[in-house]
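First up is the structure itself, then whatever we jot down about it.
Counting starts at 1 for both ligands and their atoms, in listed order. The shown structure was predicted, so the numbers you read here are calculated from the model rather than taken from an experiment. Position 1 is the first residue of the sequence, and the numbers go up from there.
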Amino acid sequence: MNELLLERIFDKVENIPPFPETAQKALTILRKEEVDFRELERVVKSDPGIAANFLRLVNSPAFMLPQKVDSLFKAFMYLGVNQIKFILLASVAGVYFNKDLKGYGISAQDIWIHSLACGVLGEILGNLLNLSYEKIESLYIGCLLHDIGKIVLNLYTTIEKEKFQEVIKKEPTWDFNQVEWLVLGVDHGLVGGYLFKKWGFPEEISTAIRAHHDPDLMLQSRLSALVALSNILANMIGFEGGVDCFYYKVPENLIDYLGLDFKDWTEPLREAYKKVFYLHRSLF
Ligand SMILES: [Fe+2]
Ligand SMILES: [Fe+2]
């Protein structure tokens with residue numbers, strides 16, 4: 001492991017823009033019993049990037065609004081609090097995933113769509129498990145931003161491409177995060193978790209992001225297991241998160257740990273696919 005490289009990676013972490021204050025403020029408003037939509041509109045509007053993404057997303061047929069809306073306030077009137085939170089956090093993800101990640105072989109569009117797919121699946125699984133409002137919010141954050149560490153590591157996976165290929169050839173049974181550890185001394189889950197810890201998010205969220213490729217750690221909490229499973233399913237239904245997604249094993253006991261007993265996976269997966277398909281079509 002190259003210590004200088006690791007130092008550079010953590011220097012780069014410092015350059016990642018902080019989690020938007022606008023989103024923090026909006027979430028605080030949305031956690032209140034009585035939500036003031038005018039105040040919420042004022043707050044969301046203060047960040048043009050998030051506001052623009054919000055309007056792009058909300059007008060997708062995925063959210064089934066009865067008519068197109070051109071104002072945030074109108075959009076809020078049609079949506080439930082959970083949906084507003086989802087679209088808000090999906091908009092934040094769009095702000096972060098705005099560049100191609102060459103080191104992971106994925107475009108800006110596709111990594112955003114992968115994150116949205118993970119969020120949609122997380123929501124479906126969370127509802128099946130009757131999660132509370134609070135837990136659903138944590139699940140949205142974890143799912144929609146689970147790959148944020150890739151933004152930091154992208155430069156180094158690009159520079160070290162040959163080394164990555166060498167290790168993958170030599171150790172074909174390794175998961176990709178093991179390869180990241182060997183070449184870079186860190187993996188994108190850990191970097192993402194570190195970012196969320198630094199931003200002051202609850203430990204449960206930073207751990208879920210940290211754990212999404214760690215077969216042991218993902219079984220330490222329901223949130224971690226749900227984020228990990230949503231990511232796996234997003235890849236399975238065709239919204240892959242990068243070339244690395246073909247290099248992970250699925251822990252056998254993940255479904256059992258969650259107590260999910262899908263006699264038929266078809267319906268939830270079809271529902272998710274349809275929603276993400278609409279999102280993809282309306283966004284790009
Ligand atoms: Fe990942
Ligand atoms: Fe992913």
field: Residue His212, metal the Fe ion (ligand 1), N/O/S under 2.8 Å
entry: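 Under 2.8 Å: His212 contacts the Fe ion (ligand 1) through an N, O or S atom.
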query: So, His188 and the Fe ion (ligand 1): N/O/S under 2.8 Å, yes or no?
result: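 Yes - counting backbone and side chain alike, His188 has an N, O or S atom under 2.8 Å.
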- prompt: Does any N, O or S atom in Asn231 come within less than 2.8 Å of the Fe ion (ligand 2)?
  reply: yes
message: I'd like to know: is the Fe ion (ligand 2) within the 2.8 Å range of an N/O/S atom from Cys245, strictly under that distance?
response: no
Using 30° and 60° as the class limits, which term best fits the ring planes of [X] and [Y]: parallel, tilted or perpendicular?
X      : Y      : result
Phe176 : Phe164 : parallel
Trp199 : Phe196 : perpendicular
His213 : Tyr248 : parallel
Phe37  : Phe73  : perpendicular

task: Using a strict 4.0 Å threshold on nitrogen-to-oxygen distance, state whether Lys169 and Glu166 make a salt bridge.
output: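 Glu166 and Lys169: not salt-bridged.
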statement: Among N, O or S atoms, Asp147 approaches the Fe ion (ligand 2) most closely through OD2
